[in-house]
Amino acid sequence: MVEAQSWTTRRGSNPRLESPQDQVLDMPVTPTAEIRLQQYGGISSLVSPNVLTALIIASWYCSNIGVLLLNKYLLSFYGYRYPIFLTMLHMLACGTYSLVAIKWLEVVPFQQIHSRKQFFKIFALSAIFCFSVVCGNTSLRYLPVSFNQAIGATTPFFTAIFAFVITCKKETAEVYLALVPVVLGIVLASNSEPLFHLFGFLMALGSTAGRALKSVVQGLLLTSDAEKLHSMNLLLYMAPMAAVILLPFTLYIEGNVAAITLEKAREDGFMVFLLIGNATVAYLVNLTNFLVTKHTSALTLQVLGNAKAAVAAVVSVLIFRNPVNIMGITGFAVTVMGVVLYSEAKKRSKVTAH
């Protein structure tokens, strides 16, 4: 009968493991995805931090302005008059790309919905999100991008109203005074807009109000640490919900739009490229929002947003050649100035409160 070889005997037969310090082997911790990117590759290892930040900001501008211009071209110039279905395509793309970014690329940690209550809160935000985006896309069918952006710059005015009505939150007198030029500027721009369209104007106002309402309601509903979601995870859940909400509306209002789209795609393959590119850029808007905040700050994103409206207006006028006049430019400038004053007043009020 063969005697079983003991662990000690086997270990003693290997001279490399005879010393006591070699008996315990330290295994290195598996690096996270972010550390692996930093150590073994990725764009951050190829360029300096300043250059990377500049590239991210440039991408933010290109995606934000690009989605506006593509929406305008599709809905007004190309003849694709289905803003609800277009928005649903945006939502499906955002959900798909978010899943890839979070689950596979590990851009941010994945967060789960923990309760039915949290689910319905996110569903409510999705409904507001739908309303805002559909109204915004619809307005682009009737209004120039420059005027659309002038109306969108009044978001702080609606935010202050909803914050007071819903949460009874009062701002300082300086903050409310800063809103006066915001409203005055849009009144001047509206009275002098050569391509003014009442329905398009109301849709743009609805989009701006919806965007402000979503920010207030989001801060009200997702307050606890257990319910708070990262912006990328929130988009992962909101986008599919929004697509489900939009489906019956697009079928009822826009008819057999899927068949019409397929027929148009067979006649003109360029439309497929436009729709896919448009939906992709719509997702990049959300991704670059996150990246700008990560590499700079939320304040920098706010400042960039103030300048974005003016840049988008200038670019759209250069591309689409829509008529503008001095009074409209003045009104837009007054509104943007009011938004800047509002941002500064809000910062001072927070400092004073602390």
> Of all the heavy-atom pairs spanning G95 and A239, show the shortest one and how long it is.
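The answer is N-CB, 3.5 Å.
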> Taking all non-hydrogen atoms of both residues, which atom of F129 and which atom of M91 are closest, and how far apart?
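Where F129 meets M91 most closely, the heavy atoms are CE2-SD, 3.5 Å.
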> Does S115 use its side chain to pair, donor to acceptor, with the backbone of Q118 at less than 3.5 Å?
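Here the side-chain-to-backbone pair exists.
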> Look at the aromatic rings of H230 and F290 and report parallel, tilted or perpendicular, splitting at 30° and 60°.
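H230 vs F290 ring planes: perpendicular.
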> Which residue pairs pass the salt bridge (Lys or Arg N to Asp or Glu O under 4.0 Å) test with at least one member in residues 190-200, sequence neighbours excluded?
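Counting only pairs at least two positions apart or across chains, no salt bridge (Lys or Arg N to Asp or Glu O under 4.0 Å) contact touches residues 190-200.
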> Please list, one pair per line, the donor and acceptor atoms closer than 3.5 Å that link side chains of residues 245-255 to other protein atoms, with sequence neighbours excluded.
unit_1, atom_1, unit_2, atom_2, d
T250, OG1, E254, OE1, 2.7
E254, OE1, F85, N, 3.0
E254, OE2, I84, N, 2.9

> Under the ring pair (Phe, Tyr, Trp, His ring centres under 6.0 Å) test, which residues partner H197, sequence neighbours left out?
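Here the qualifying residues are Y142.
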> Using side-chain heavy atoms (C-beta onward) and a distance below 4.5 Å, is N64 in contact with N289?
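Yes. Closest side-chain heavy atoms under 4.5 Å.
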> In chain order, what residues pass the salt bridge (charged side-chain N to carboxylate O under 4.0 Å, His left out) check against R321, with sequence neighbours excluded?
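R321 satisfies salt bridge (charged side-chain N to carboxylate O under 4.0 Å, His left out) with no residue once adjacent residues are dropped.
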> Looking at every heavy atom in both Q112 and L229, which two are closest together, and how far apart are they?
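Closest heavy-atom pair between Q112 and L229: O-CD2, 4.5 Å.
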> Find out whether N278 and N71 are in side-chain contact, i.e. whether some heavy atom of one side chain is under 4.5 Å from a heavy atom of the other.
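They are in contact (side-chain heavy atoms under 4.5 Å apart), so the answer is yes.
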> Among L235, V100, T96, V67, whose side-chain contact (heavy atoms from CB on, under 4.5 Å) with Y283 holds?
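Only match with Y283 under side-chain contact (heavy atoms from CB on, under 4.5 Å): L235.
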> Enumerate the salt bridge (Lys or Arg N to Asp or Glu O under 4.0 Å) contacts for residues 118-146, please, sequence neighbours excluded, ordered by first and then second residue.
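Checked against salt bridge (Lys or Arg N to Asp or Glu O under 4.0 Å) - neighbours excluded - the pairs reaching residues 118-146 are K121-E227.
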> How long is the gap from CZ on F201 to CE on M203, to the nearest 0.5 Å?
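Here the interatomic distance stands at 11.5 Å.
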> Mind checking ring pair (Phe, Tyr, Trp, His ring centres under 6.0 Å) for F273 and listing every partner two or more places apart, or none if nothing turns up?
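Testing F273 for ring pair (Phe, Tyr, Trp, His ring centres under 6.0 Å), a comparison that skips the adjacent residues, returns F270.
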> Check L75 against Y80 and note the closest heavy-atom contact, atom names and distance.
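Result for this residue pair: CD2-O, 3.1 Å.
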> Are L69 and S316 packed together at the side-chain level, in the sense that at least one heavy-atom pair is separated by less than 4.5 angstrom?
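The answer is yes; the side chains approach within 4.5 Å.
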> With a cut-off of under 6.0 Å to the ring centre and 45° to the axis, is K103 in cation-pi contact with F110?
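So K103 does make the cation-pi contact.
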> If you draw a 6.0 Å radius around CE in M337, do more than 12 non-hydrogen atoms from other residues or ligands fall strictly inside?
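No, not enclosed.
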